[in-house]
Amino acid sequence: MYIKYVQGKPLFTHINNDKKQYSYLTEDIETDICIIGGGVTGAIASYYFSKNNIKAVVLEKKRIAHLSTSVTTSLLQYELDDNLSDLKTYTTLENALRSYNLGLKALDEIENFINKYGNKCDYKKRNTLLYTSKKDDVKSIKTEYDLRKENGFDVEYIDESRNKYDFDLKAGIISKNGGAELDPYKYTNELLNVSCGMGAKVYENTEVVDLLHHEDYIDVITESGYKVRAKKVIVATGYNTKLFTDRNFGTMTTTFNIATKPVSSFNGWEDKILLRDNGDPYNYLRTTIDNRIIIGGEDVTFVPDIFNEKLADKKYDILENKLKSMFKNIENIEIEYKYCGAFASTPDNLGFVGPGPKHNNLWYLLGYGANGIIFAILGAMMLTELYDGKVNEDMKLFKVDRFDN
Ligand SMILES: Cc1cc2nc3c(=O)[nH]c(=O)nc-3n(C[C@H](O)[C@H](O)[C@H](O)COP(=O)(O)OP(=O)(O)OC[C@H]3O[C@@H](n4cnc5c(N)ncnc54)[C@H](O)[C@@H]3O)c2cc1C
């Protein structure tokens with residue numbers, strides 16, 4: 001069955017007209033690492049391997065950054081989807097706190113990349129706000145704040161009396177420099193551009209259809225019958241992993257986004273702080289460099305044919321009404337882009353990094369959960385170390401088979 005993972009008119013692929021094209025593979029080649037998938041995750045992997053002088057080849061079935069990467073809101077935050085106290089059900093508090101700290105490390109990595117190669121992807125460091133407009137949830141927000149504060153995170157607690165935003169807020173946690181935003185299309189292309197400058201090879205319109213496992217290498221077979229012989233293969237195919245394993249990696253939902261035309265002011269939205277409420281499902285909001293607003297959420301259980309136009313339109317209307325009711329002093333809110341996509345979450349909110357239990361040379365790099373880009377960075381760094389024979393202690397948090405009984 002053909003599964004559609006993305007639907008609608010995504011903002012980032014539409015506003016970027018200058019689209020670089022890579023050729024398709026037309027010969028047999030050899031490499032150290034073959035990365036399957038040319039989304040942001042594959043691009044991040046190619047950057048870290050190339051930076052460490054490990055020969056990398058990226059194979060993309062269709063166009064670079066045109067699947068999940070085209071619809072990601074690209075809210076980059078160290079905090080996870082669930083609060084620390086809720087995560088204790090699936091992992092230890094120590095592990096959850098470690099993930100928060102790793103998130104901060106990944107944010108620094110993005111900044112280092114920007115500082116080194118220039119800001120070509122509309123990157124902006126931001127404060128973040130997790131808030132509730134429900135009286136009943138004030139206690140859980142306060143508990144989350146206390147845990148973060150006690151453990152050294154730079155956070156500020158605000159209540160209704162100190163609400164400086166236009167929307168209803170009963171309690172909130174501001175994380176200072178706890179996040180960032182960027183244009184995922186530009187970021188992916190810039191990562192690949194830099195990687196190619198260091199020797200990586202990228203091929204578009206090159207679908208992988210089979211893997212032939214050998215003791216010390218894998219032959220990656222493309223649809224046109226060419227072969228990439230690689231010492232290690234990295235699965236960076238996002239939510240589409242069926243070719244490699246029967247494993248069910250996460251709980252799939254569809255999440256919806258709308259983006260406005262540029263607005264003339266951000267009245268009532270101090271600092272253009274990254275926003276997330278604590279609903280279930282929650283809403284998330286950011287601004288863009290050209291003064292648009294993106295609001296997302298309204299998640300529903302994923303169905304393979306996500307193009308349920310009626311349902312999607314209903315969700316886009318809900319998001320538009322929500323945005324307008326939150327920011328009554330922002331004039332001329334007009335919606336220009338509407339899109340949705342598959343999204344997968346895991347019980348401990350973390351993605352998957354490392355070899356699967358079956359094939360030692362086949363490694364996964366799957367940024368599941370709301371922090372996919374952050375996990376891709378952390379995972380790519382860990383896999384680069386693994387290639388050199390070093391097992392990073394933190395890789396156990398992202399182990400592929402950690403939920404197996
Ligand atoms: C609406 C929405 C909002 C989101 N917001 C955020 C957010 O704010 N922050 C965040 O961190 N994450 C967010 N996510 C999650 C985010 O999309 C992912 O973290 C990230 O974009 C996934 O990138 P990826 O490269 O892993 O996957 P993809 O972009 O899907 O890339 C995988 C690539 O693999 C290719 N491929 C698949 N099979 C093959 C094959 N056999 N051969 C060759 N190529 C193949 C595909 O064509 C595709 O291009 C959001 C997701 C959605 C849907």
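The figures here come from the full heavy-atom set of this structure, side chains too, leaving out hydrogens, waters and symmetry mates. Read the numbers this way: they start at 1 and go in the same order the structure lists the ligands and their atoms.
- Using a 4.0 Å cutoff on heavy atoms, G296 does not count as a contact of ligand 1.
- For T26 and Y226, the side-chain atoms include no donor-acceptor pair closer than 3.5 Å.
- Heavy-atom separations between V40 and ligand 1 include at least one value shorter than 4.0 Å.
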Show me the donor-acceptor pairs, under 3.5 Å and distance only, between side chains in residues 33-54 and residues at least two apart or in other chains.
residue	atom	partner	partner atom	Å
S46	OG	A43	O	3.1
S46	OG	S195	OG	2.9
Y48	OH	E109	OE1	2.5
S50	OG	S46	O	2.6
N52	ND2	Y48	O	2.8

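- The distance from the CD atom of E111 to the CG atom of N177 is 8.0 Å, given to the nearest 0.5 Å.
- Using a 4.0 Å heavy-atom cutoff, T222 is absent from the residues neighbouring ligand 1.
- At least one heavy atom of A342 sits closer than 4.0 Å to an atom of ligand 1.
- Nearest protein neighbour of atom 9 (N) of ligand 1, counting heavy atoms only, is L75 O, 3.1 Å.
- The one candidate from L147, L130, T143 that meets the side chain to side chain contact (heavy atoms under 4.5 Å, CB included) condition with N83 is L130.
- Between I373 and ligand 1, at least one pair of N/O atoms sits closer than 3.5 Å.
- Of the protein's non-hydrogen atoms, the one nearest atom 6 (C) of ligand 1 is T72 OG1, 3.1 Å.
- Distance from atom 47 (O) of ligand 1 to its nearest protein heavy atom, with residue and atom name: E60 OE2, 2.7 Å.
- A donor and an acceptor atom, one from each side chain of Y78 and R148, are located under 3.5 Å apart.
- At the shortest separation from atom 23 (O) of ligand 1 among protein heavy atoms lies T69 OG1, 3.4 Å.
- Using a 4.0 Å cut-off to heavy atoms of G341, the atoms of ligand 1 that qualify are 53 (C).
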